[in-house]
Each structure stands twice: as structure tokens, then as C-alpha cells.
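Below you'll find the structure, written out as C-alpha cells, and then a few comments.
Sequence lines set the chain letters: A, B, ... in the order given, protein chains first and strands last, and positions in each chain run from 1.
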Amino acid sequence: MTHPSDTGPAPVLALKDISKSFGAVRALRNVSLELFPGEVHALAGENGAGKSTLIKTLAGVHRPDAGQVLLDGEPVVFHGPKDARDAGIAVIYQEPTLFPDLSIAENIFMGRRPRRALGRIDHRATREATAGLMRRLGVDLDPDRPARGLSIADQQIVEIAKALSFDARVLIMDEPTAALTGSEVARLFGVVRTLRDQGAAVLFISHRLEEIFEICRRVTTLRDGAWIASELLDGMTEDDLVRRMVGRDLDELYPKQDVTPGEVALRVRRLTREGVFTDVSFEVRRGEIVGLAGLVGAGRTEVARAVFGIDRWDAGEVEVDGRKLTNGAPSTAMAAGLALVPEDRRAQGLVMDMSIERNIGLTGLRTTVKAGLMNRGAERSRSLDWAVKLQVKYARIADAVSTLSGGNQQKVVLAKWLATGPKVLIVDEPTRGIDVGTKAEVHRLLSHLAADGVAVLMISSDLPEVLGMADRVLVMHEGRLTAEIPRSDATEETVMAAATGRAA
Amino acid sequence: MTVTAPNPASATEAPKTGGSRLVDRVFKMRELAILIVFLVMIAVTQAGNSEFLSQQGIKDLLLNATILVLVATGQSLVVITRNVDLSVGSTLGITAFAAGTYLHGGGNPAVAIVLAVLLGVAFGLLNGLLVSLGQVPALVVTLGTLYIIRGIDSIWVGSRQITAADLPGSFVDFGSGGVWAVPYLALIALVVLVGTAYCLKNFSSGRELYALGSNPEAARLAGIPVRKRILAAYTFCGALAGLAGALYLARFGNVDSGTGNGYELTVVSAVVVGGVVFTGGSGSVYGAALGALLLTSINSVLPALGVSSVWVLAINGILLLLAIAVDRIVALRVASALKKRNARHA
Amino acid sequence: GTTKKDVQNEGGAAATAGKADPNAATKKGLTVGFLPKQVNNPYFTTADNGGKKALQELGETYKEVGPSSATDTSGQVSYVNTLTQQQADAMAVSAQDPGALCTALKQAMKNGIKVVTYDSDTKPDCRNAFVSQASAEDLGRTEVQLLAQQIGYKGEIAILSAAQTATNQNTWIGYMKEELKDPKYKDIKLVKIAYGNDDAQTSFQQTQGLLQQYPNLKGIISPTTVGIKAAAQYLSGSKYKGKVKLTGLGTPNDMRKYVKNGTVEAFELWDPAKLGELAARTAVALASGQITGKEGETFKAGAMGSYTIGKDGVINLGKPTVFDAKNIDRFTF
Amino acid sequence: MPESLTRAVRWDTVVGALLIVVLLFSFGFVDGFGNALNLSFLIGNTLPIALIALPMTLLVVSGEIDLSVASTAGLSGAVMGALWNQGMAIETIIPLCLVLGAVCGLVNGLLVTRLGLPSLAVTIGTLAAYRGIAQIVLGSDAVTDFPSQYLDFAAGRVGDSFLPQAFLPFLVLLVLAVVALHATPFGRSLFAIGAGEEAARFAGIRVKRNKLILFTATGFMSALTGVFWALHYASARYDNATGLELSVVASVLLGGIDFDGGKGTLGGAIAGVFLLGTLQNVMSLLNVSAQSQIVVTGVLLVVSVLGPRAARQIAVARAGRRAAAARTPTATP
Ligand SMILES: Nc1ncnc2c1ncn2[C@@H]1O[C@H](COP(=O)(O)OP(=O)(O)OP(=O)(O)O)[C@@H](O)[C@H]1O
Ligand SMILES: Nc1ncnc2c1ncn2[C@@H]1O[C@H](COP(=O)(O)OP(=O)(O)OP(=O)(O)O)[C@@H](O)[C@H]1O
Ligand SMILES: [Mg+2]
Ligand SMILES: [Mg+2]
């Protein structure tokens, strides 16, 4: 393999001609990569390109089928994550790997906690070190609080704190920002820059290209498990990068079609769930895409959950197409034409051990029925139809969704809900972890849906996405709706002002 | 939860915030609830029958609980790792008989206890190896070893039995003797219990048991030697079942091929009542021990109150349900209180 | 609908048929299967070995099958079926349940297999004969007499039984209550019947409970080998040792230690080996056609002498033996 | 672990094949196995386990478990006996008992779904509670005098064939259960609940209601089994069917039902039930002692989980080698 080599310092960690297959799926093919101290290196590629697999190979989770891992120029074999960690490699995995029953402090220092005499754990020191890390990241999380019940964003913060606590020579981050909003990302980048300046090598993955350009110096691109290029970002444009990843030019990113909103499809009136959100009222019309913005923890997800019937509300009412919904009954919400694409795809969106076909089929149990029995043919064609429509990348439709890459899993969740032909579609972070190409497709899809008369409520922490897609932006702050901003007035400044409670 | 403005002051003082104290209290409360149920039960019984808490009565209570406490302690370690060991009853039976046979042949009591523990360790290792190396569901494997060990026990023991007459007097006296109202056996159980609880809290390997029960995949990624820890938990559980077997022999002076039959359900009940969660990752050995004490005491309380033994089983079951239901309701209440507090905080 | 009354009018079917020939020769080479309540139970092993010895003496074939749990009734039923399939000539059964084995046993009898119950009976029409360990009446009454002597005909007593459903226990307890009606026991009060389910630990705790509930308790009768052993073990390690008297049914091996250390003065039991032997000999007599199981028939049981079949096909082994410190060392079972 | 490979070595088919092999072997080489009487015994004794295994399989697939089944069976038998003794008509009693069973199941279900308690803990509690209530209801009685046409139905055969009459209703129930689990939306949703409860809830599946239905059905079937048991063995006692839950669980596990939920087939579970039943029957006929049978059961269980895993590992290794050899690009639809 040939690729550009710098004349600077020697790489701390390098991969040479690595290949890795899962059964028939060849996730990596002769991939090489070099990480240099004092440099942030980006890894780019579509969903399923093999980024996470590459990282797991570096971290000792997967053993490569062929090729070498070189540490300081010497070939090494990592027999497990511990070996990699002992070699000074810290990893933030794509999916949070926390222990829900243990405290945040314990989560961070598991396996290498400050000790007292006789090898006993120093609880106090652990707690203080955790508090210090939280200060560095500028968040206020109680070190003694159990990890159970943390929002996805907070989980991600804990993961970051854990990786920082290693003081590692190599820091690897697989989509650490997917769940974070602007200010948290800024703070994370501040910390990463400090580490970089102290001489650490950082490998960074993100589907938000602007982040890559902001913090990285060099980028390696993968496509279908194959190495495409390793080059300096200087002088590249986003389009260049996208072309490397996708292999072709991309369409417009936020293809919002203009539609005239129809009658009200979703009406939420004075909805309150005690201690979570208060007095939330809004409407979404047919053909309209309404964005719901807010800081992490503002309660957007909670509103969506309550509207769909996952949680009960304490007061208020919800109407879909003029039909009042029963409190706490997702099945009646579905029957009324409501669909919810949840934010946590692994726990809420998918049954991980089930096949792609059956996962998509799960929302169609009422429709793919003949004489009370499952109509398997109908189920399969419905699933195939949507899997193809959303260009899910899979080997066989009967494979478990757990074998798909993160982005493809997200597509399956979308497929599952679009297949119900909803009147009102609530999407919670629909493009989290989705590559640019697919993201554009998702946006086009949402836009088409709206054009076809579906009312769309889009919750997203990706502000450009909200601004690009929404006809109207609702903003939440600490459990209350604080602003409703029409498309024409919506800018980063107005939305952020409302989200932080600065607007009157 | 997360606020964007940094607030170093509150972060340093985090250990002392109301949240952590509340959380602490919740965890203590889980055991407290059982303790209160237990104390109320004892008080009611004492009011109904003044003999109940005589020196002899206390001694009996403690002695009855001893064996179950030991086995439940071991079991809770396994349950914390999201596994289960159903073969403890069989192990207890076979180790008790082994110790008895050895003593019958004129052996030394101390060596007999060590022998029983070692035999328990062997069976624990077997279970641990099957579960951790084979990576197969613990429920099935240990149900299998339950049958296998019980079968081997019955083939080996046949219709033989060890009676008190076969045992050295010192050993039998040790089984019923004690310091004032505290039997030696209960002291042994207490030492084991406190030691285990201390290690679980203060050593990394102890916390790692919780971690791997809480999220096995994450434990692997965190570099915890998962197999080794599971193996250790099973081995410890087997060792305690063995120790319990030896103490059973001392206590009852009577072992045959049926000893320990059906004990697994009692042990699992004790662990569950004690608040050790079956999906792993949480619970304490103190809770399990309290659960064991509660369960065995019910069996002493009812006869002492003159409740006809016809009622005992039903009351036992209903109390068990009550214990777990109350525990759950308290936990739910506290969780919702915690959530509201969080919301105000945010 | 069909109620209990309708059924009572139906009337039961007779089990025995054919005619006995007291002088028929004893057949050789018969297969007699022993089916105890539980294999591995020392008491049944002793009894079955008694049967085995007798059968070998007579030139017959002995075999033993059985469930490994004393409450596995369906297991016992399938062993009856197994013996039927294997075409044994006779079987000696200690029934876990008086009714549950009936269908299977009748099936066996229909296939020409002679059925003897021993130790624990079924309904009379499900077997040819029942070998009773001692008359239930004798057992019940003598246990009361034993305890009454020990406590000086005065004070509170209790009974520690096995399972609440144990047929034989309940019959004995019935006779104990009968015996207690005699005026000489007017100062004795039976305060409670506890059930230890033939489980060492339960019996143990039931004993504790009795003593706590009745501080003035003077004596306990436990007509089960497991119960008396557990009670003795508890008493010998408690402050009640020697103060609360204990008697009942136990084996000398189990009880030796407690008799010697003064926990127990005297208890009784029949010889289980003799019980097994008589069951075996009865089975052979049935299979040889010497008896059919009718009341009044008589047969010779080798060295044990001659036995006569009583009402309902019951054959009584004889009086139980009382064991105490003086004679206990002469028995080893 | 790729699912395609997992499915390549399906344990339920292995169990089915094993059952056929054991049957062929037994017909060929075991005396007394092949005749109609023995087969009817075999099926009759296995029926209670099979009956409960039907709803238990569905329950386990949905990620829950019910250990109180044997106690519910015991309770319904006890209530049946007690009401019969009261003089109530059997035609009224049986439906009442079935309703009672459904209520028992409902109680389990409510405790699990409303309070969110683990079903293992709840049903260990009701295991004791229901059995205890049975004891209170019937005490030490053993009711045996049920009307003969009912007893004959429960114990009788279809003509002279090997099929017990009760097998036909079972077949109907089996077909119902298979259809419910494998061919209806309800069954599909059970797999989803078992494999990912939260995701199932987010897909609009009424998780709690479905679980409640399953627990109630399990209670109902347990009561049916209790009634069948009392009639089949002509004996209603409070301790009927004690320990049956472990047999059911062992059989279902042997049939490849994963206790983590979300996996398994009813065919596998029923094959497991009859494999264990047949093995026990055959081993008894071959004079394998009860103790050794226990060991065999245990070894089978361990093998049943280790076997598929070993096979899968071999398959994966082979697939890996094949993939390495043929460097074809990833397949896309
Ligand atoms: N454990 C596994 N078993 C089978 N196939 C797997 C497994 N893990 C990953 N794959 C496959 O390997 C390929 C690469 O996946 P990977 O997770 O590395 O993609 P990715 O680049 O991280 O994508 P994303 O951006 O969506 O996270 C995909 O086709 C995926 O389906
Ligand atoms: N699974 C959960 N269990 C308990 N509390 C939760 C859970 N998820 C979120 N919360 C809490 O609910 C509140 C609001 O939820 P959440 O953080 O999901 O809001 P959000 O505005 O949707 O944010 P985001 O979608 O960016 O994560 C927060 O205080 C959070 O801590
Ligand atoms: Mg990835
Ligand atoms: Mg959210």
C-alpha cells in the first residue's frame, strides 16, 4: 500500500495492510493508517465503511485477519482491550459502554482506581479525580450518581471523561460528538486541542464534516472497507472529502421543498408531565416540517415520548387528525397515524438480535396479516421494499440488525416507521450517526414526505439541520416551550438565545 | 442535568450534595426495609410468646440462619455477575456427606471442614469453567450440574447415612455450642459475611464483579478479566456451599443422600428477598444475609406463635411476595422523588 | 351433574379372584420387584434387603426399582408400569399415595402380577395383600404408654409427625388420641400436632417451635424416623436435654447416641428387615397360588412362622420392639 | 455472532433428530418398549409436563418465567378434591378450577407487569403461596373417588391403540400454541418482547397486556394439568405435581428455548419434553437406577447448551477460512 508519508516525527501507532472479515462481510481490506503525536487525524467514510471496525482493531477488541499493528514502529499483538490500554491507547467507542449500576466515578476509574494500602480502593480520591475531570469538561455531573438514567449526551460526556482520565498517548474517538450540542462540542474540542499540544495522537471520527475541518490536520478515507486516501486537510473542501467518501458528487444537503401547510395534523395542548416538562402547546400542519430545538436535557425527547404514549402525561391533551389520543398508549397513537423514530436506536429503535426483515415488520404486525395469521410474503416484500428504498447496506435481509453499522441501523429504524405510512412523523435525532450521503437522503425523504402531506416534527441537536429543514422552529428551555420562530427569522443566534433562556 | 455554564464550586462539593445523600439512603434503605420487617416480626412474636427471645431462642434463630446465610452470601456474588448457581443444594449435600465419611473414619474436625470446602471449590470451579469458558446460560448449566452432582451423590451415598453417633463428640458439640447466645457457627458465618462485604466494597476485583454484571460487554471493553472474575465468583460460591455442608453436618449431625435437596429455591429466595437483582450489577451480601435471616426466622416465628403448620407454607410465600413488593414500591417512590428533584435542579 | 353421592352408589369392584390352594408347591425362579417409596432411604433399604435375603433363600429373583424422591408420585407410578412391562411375577410396593398408584396397580394385576403393599398401603382393591409393620392400633397405643411412663402420667405432650398427608402417621395418631381417652391419662394433655414433613431441618424447627410455644411441655412423640432423629438432635444440643422426654419410632442406629447421652429413654420400632421379608414371602405365596388375599387364609412364612390374613387383606407383622439403653447395642439397623 | 450461522446449527432440530434416534433404538432393542401399553404409559406420564410446557415456552420466549406452575396444578387439584367432598357436581367443579388457575396466573402477571417485579422472584413466592393455600384447602385428605367415566377418560386409551384419550385434546392445544407462537402477530410480538422489550414498546406492542395474557394462560393450563393429574392418578392431594416445575423447565431448556428470551421454537420444546420422558422410560426398562437417570438428565442439559455453542464455533471457524480463501466483495442487495 502506498500513501503519503510525512517527514515529521515517527508515528506512535500505525496499521499496516489490515484486513478483517465477519463471516462473509469483509469489513476491512488492506487498510493502512499512521497516527502522529501532536496531531488530530480524521477517519472519514460512509456508514458501514469500516471505521468502527478499524478502531476496534486498534483497541484490541478485534484481532485482524491479516496485517500488522505497529506501536512506535514495533509490531504488537493486542490480545484484548487491556493490552491496548496498557500501551497507552484510550478509546471512546461509538456506543456508550457504561455500567448502569455503578456510579459515574466508578465508571470512569473502573479497573484502575486509586489505591490505598493493601490494594484497597481509595473512594475519596476516585471521587475527587472525577470531579476534577468534570470541571475540565465544564459539566456538572455528580460523581456519585449511578450511570443509569443518564441521557445519551451525559453518557457520552462520561465516556469522554473516562478517555481523558487515562492521560493516554493515543486518544481514539468514534463519533464522540454525535449526541452533543454546539457548546459541549466546543468545550470538547478545547480539551482535545490541549491534549494535542501536549503531544498526544488523536484519531477522530465524525459525520459532521465541519467538525473534521475544524479540528483535524489529516484525514484518512475509507470506502466499503477499502483504504481510499490519507492526506492533509489543508486545501481540501468539504466536497472533495465527500467525493472521496462516496465516490461521486452529492446533491444539495438540505433540499427543503416549499409547501403550503394544510390543516392541523398534530395538536398538543397544555401538555405537562410533572417535573419533566410543563405546559407545552404546539401544532404541526400537514406538509409542514417543524423543528424542535433546545439544549441537551431541555426535555424535547420527553415531550415526544409522552405524545407518542410511551410515558403518561399528567395534564393536557394530544390530537392527531382531530382524534384525541389515549394517555400512555402507543398502539392507539400508531392507529391514529403517529410514528416516532426514537433517539436511542439500540434500545428503543431496534430489537438488536432480530433480523432486518422482522425489525421493519414489527410496525406492520397489524397490516401484514391474513385471516389473523402472519402473511410472511407480505411482510418480506414490505421490509425489502423499504430497506431498498432507504439504501440500507446489508448482506441478507434475514441477518440480525446487530451486524449492521451504526448508520445502517438508523436507516432500518427509519424504514420501520416510514413503512407504516404515518400522517404525523416525529423524528428524534434522525440523522445522528448517519453519513453525509445518507443524511441528504434522509433530508430529501423527510422533505418528500412533507410534500406528500405528512406532518413532520423534527427534534435535532444539529442546528444547521434544523435551520435548513424546518418551516418553523420551536425552542425548548428547561421543560418549557420558550419560542416559536418562523423559517425566515430562524438563525443560529435567535434559536440559541431562546434555547439558553436569554430571549424574553 | 447538564448545564453548559461551568460551575466548579458545585462540582467539588458534589460528594456532599443532597443527591448523593439521597442515593446513599436509597441503597441503604433497600436493606433497611428488610431489617424493619424482620424486627417487627420478631417484636410481634416476642409479644405473643415471651420464650421466643430467651437465650435458647436467640441461639436457635441464629443457628437456623447460619447455613442459609453462608450459601446466600456465595450465591449473591454469582448473581451480582448476572449468573446463578442452582447447584448449591447438591454441593452442600455431597460435601456434608464427604466430611461425615471422613470424620466417621476417625478424622480431625478441622481437616473435615477444609475437605468440605475444597470439594465445594472443585464443584464451583466446574460450574465456573462451564459458564465462563463455554459462555452458556448459567441457569441451564447449573440446573444440569444440580442433577449431575445430586445423581453422583445418590450413587455414592446410596442408602448410607451419617448420624451423630458416627461423629466425634467435639464436632457435634461445636455444632450446637457457642458463646452465650451466639453459636460458634453463627460467628463463622458472620466473619465470612463481613469479610466478603468488605472485599466487595474495597477491592477492585470486588467492584469488577458489579461492573461485569451491570454490563458484560462494557466490562470486556474496559479490560476486566471477565472469565477470571466469573470463575472466581463461582469458586467462592462453591467454597461457601462446601463450608455450609460441613456446618450442616455439625449442626444436624445427620446426612444422607437427600441432604440439601431443593435447597436452591430457598437460597434464591433469600437472595431475591435481600434485594440482589437477578439481572446482575446491584445488591449487597448484607441484603442477602438479611433475606436469609428473614426467611429462616419466619419458619421459627410461626410455630412459636402457635400457627398451625398447615398455614406455614402459604404465609411463607405471601411474606416473600410482600417483602419484594414493598422493596419495589419503596424503590419506585424514591426514584420518582429523585427524578423530580433532578428536574428542579436542572 | 355427577356428584360424590352418585359415585358412592356405584360400589367398588373386588380385587381378588380365583381360589387359594394352601398346599400348592412354592414356585421357583419367580421375579419379585420391590418398589419402595424412595430408593436410597436407609429404612427401605433395610426392609428391601430383608426381602432380598428371603427371596434368595427361596430361589427367586429379587429386584428393586423406585424413585429417588419420596414425593415423586408420578415417578412411582411409572415404576409400577416398568415392572408390569418387564413382566415381574409379583411386586411389593410401599405406596406414596393410596389412590395415585391404583390405575397402574390394577393394570398390573390384570396382567397377572401379584401385588403386595408393605409399610404404606393403597386402597384395598388395588392390591392383593398389605403387610402391615405392626397393627396400627398397637403402635399408636404403645407410644402413648411409653411416653406416659417417662413423664409420670402428667403434663403437656405434643406429636411431631411427618407430612400431613402421610396415611400411616394419621392412622397411628388416631389411635394415640383413642388411648389418651383412658382415665389414667387424665393429667396428660395433648397440646399440638406438628408436621415436620420428614425433612430434618423442618422437623428441627418445628421442635423448636413446640418448645417455645409450650414452655411446660413434658414430652414429644414422633412416630417417624426422620422426625425423632431431628428432635433428638435438637434436644441434645439444647437446654431441654433430658427434661423434655422424647419417644416414637426410630432406628437403633439413628438413636443410639441419644439414648446413650440421656436425651431419649426409650423408643420403639418393628424390624424393617422382617417387614421386607414378610412382604417377599407373601408375594411368593400369592404368586404360587397358596393364598389369594382373602380374609382368613393362612400361609407359612419360613422361619417367621405362620401368618393369617386379616380383614381387607391385611397381614400384621407383630408387636414392635422397644429399645432402651439396656438392649440397644444388640441391634444394628 | 452472525445469525445465519447460528441458525445453521439449530438445536431444536438436533433435539428432534435425537428424539427420533432414541425412539428407533428403543423400538428395536428395548424389551417392553414398543407395546401399546408401555407407550400409553409413557405418553400419559409425560402429558402433564407437555401441557405446561406449551404456555411456558411462550412465556420464556417473551423473557419471563413461571415457577409456580406445579403449585397452581396442585392447588386446582386440591380445590377440585375439596369441592367434590362438599358434594358439588364435577361438571361445575372443573370449570371453576380452570378459572381459579387463570386467576392464579393473573396474580403472577399483575405482580410482574404492574409492579415491575422480576418474574423469577414473584413466582418463587407464589410457588410457596399457592401450594400453601392448597394445603389449607385440602389438608391431609386424599380424594380418590371421582366418577369413573372421568377417571377412565384421563387414564384410558383410544381403543386398543397406544394413544391415551387425553392425547387428542393435547394435540389440539399443541396446534393452537404452535400457530399462536409462530404464525400470528401475537407470537411475533412475543419474540420481539423477549429480545428487546423497550424496542417492542416503542413499536407499539402492548407489552404488559401480552405478558398478562401469557401468565393467565399459563395459570389456566397449569390448572388443566392439575385436574388432569388428579383424574389420571385418581388422587387429589395438596402435594400433587410437586417439583413438576423443574421438569418443565429442564425439558423446555433442553428443547433449545433461550432463557434470555426471544429465541426458540415450540417444536423444539415439545421434542425436549418427549425426549426426556422417553429416555426415562427406556432407562427404567433397561434397569438403569433412578440415581443414574438423574445424572443422565443433567449431562443432557449441559450438552444441550454446550453442544450448539461448540458446533457454532466450528461453523464460524470454517466460514472464516472460506471467506479468507475466496476474496469476494461484500454482497449488497
Ligand atoms: N460484529 C459484527 N458482525 C458482523 N458484521 C459486522 C460486525 N461489526 C461490523 N460489521 C460489518 O462490518 C462493516 C463495517 O462496519 P463498521 O461498524 O465498522 O462501520 P462504520 O464505518 O463504523 O459505520 P458507521 O458510520 O455507520 O458507524 C459493516 O458492513 C457491518 O455490517
Ligand atoms: N432514560 C432516562 N431516565 C431518566 N431520566 C432521563 C432519561 N432520559 C433523560 N432523562 C432526564 O430527562 C430530562 C430531559 O431529557 P433529555 O435529556 O432526553 O432531553 P432532550 O431535550 O431530548 O435532550 P437530548 O435529546 O438532546 O438528549 C433530563 O433531565 C434527563 O436527565
Ligand atoms: Mg461506526
Ligand atoms: Mg433527546
Side-chain angles (χ1 to χ4, degrees), chain A residues 59-61 80-86 91 93 96-103 106-107 110-113 115-116 119-121 123-124 127-128 130-132 134-135 138-147 149-151 153-154 157 181 183-184 187 274-276 295-297 299 478-479 500, chain B residues 1-21 23-24 26-27 80 198-199 201-208 210-215 217-226 277 279-283 335-346:
Chain A
V61 177
K82 197 170 184 323
D83 288 354
R85 215 176 54 190
D86 292 345
V91 186
Y93 295 98
T97 53
L98 297 181
F99 307 110
D101 298 292
L102 302 188
S103 71
E106 280 191 304
N107 263 289
M110 178 50 64
R112 53 201 174 85
R113 308 180 54 177
R115 303 270 174 87
R116 289 188 291 160
R120 288 169 306 155
I121 293 169
H123 294 284
R124 200 189 156 81
R127 214 166 19 233
E128 276 164 12
T130 308
M134 291 300 159
R135 259 199 313 280
V139 292
D140 175 25
L141 280 175
D142 178 356
D144 281 335
R145 180 201 157 133
L150 285 180
S151 68
D154 286 344
I157 302 251
T181 46
S183 48
E184 286 151 326
R187 191 163 279 276
E274 222 176 299
V276 183
L295 294 181
V296 165
E478 293 193 350
T500 47
Chain B
M1 272 312 298
T2 317
V3 293
T4 39
N7 191 349
S10 85
T12 15
E13 279 167 18
K16 295 185 192 74
T17 58
S20 74
R21 259 184 284 125
V23 171
D24 276 0
V26 179
F27 282 108
I80 283 171
Y198 186 83
C199 292
K201 186 162 162 41
N202 286 302
F203 288 96
S204 305
S205 42
R207 298 311 298 172
E208 285 172 14
Y210 283 91
L212 70 92
S214 197
N215 185 349
E217 180 57 25
R220 207 169 62 87
L221 293 178
I224 294 172
V226 173
V277 182
T279 44
S282 84
S336 79
L338 199 68
K339 190 162 184 187
K340 285 195 181 141
R341 193 197 62 83
N342 268 346
R344 274 195 301 279
H345 178 72

Minimum heavy-atom separation for [X] and [Y], please, with both atom names.
{"X": "B/Ala222", "Y": "A/Phe99", "result": "CB-CZ, 4.2 Å"}
{"X": "B/Asn215", "Y": "A/Leu98", "result": "ND2-O, 2.8 Å"}
{"X": "A/Asp101", "Y": "B/Ser214", "result": "OD2-OG, 2.8 Å"}

Margin query: Less than 4.5 Å to any heavy atom of chain A: does that hold for the side chain of B/Glu208, its backbone, both, or neither?
Written below: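 Both backbone and side chain.
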Margin query: For B/Ile224, which atoms come within 4.5 Å of any heavy atom of chain A: side chain, backbone, both, or neither?
Written below: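 The answer is the side chain of B/Ile224.
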Note to self: Would you say that A/His123 contacts B/Asn202 through its side chain, given a criterion of any heavy-atom pair below 4.5 Å between the two side chains?
What the structure shows: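 Yes, at least one pair of side-chain atoms sits under 4.5 Å.
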Next item on the list: For the residue pair B/Tyr210 and A/Leu102, establish whether any side-chain heavy-atom pair is separated by less than 4.5 Å.
Entry: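 Of all side-chain heavy-atom pairs linking A/Leu102 with B/Tyr210, at least one is under 4.5 Å.
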Item checked: N/O donor-acceptor pair under 3.5 Å between B/Arg207 side chain and A/Met110 backbone ->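 Such a contact is absent between B/Arg207 side chain and A/Met110 backbone.
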Checklist line | Closest-packed option against chain B by number of heavy-atom pairs under 4.5 Å, given A/Ala84, A/Ala147, A/Pro100, A/Gly80 | finding: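 If we count pairs closer than 4.5 Å to chain B, A/Pro100 comes out on top.
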Item checked: Between A/Val91, A/Thr97, A/Asp86, the one whose heavy-atom pairs under 4.5 Å with chain B are most numerous ->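 Top count of heavy-atom pairs under 4.5 Å with chain B: A/Thr97.
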Item checked: side chain to side chain contact (heavy atoms under 4.5 Å, CB included) between A/Ile121 and B/Lys201, worked out -> CA-CA 8 Å; A/Ile121 293 169; B/Lys201 186 162 162 41; over 6 Å; no
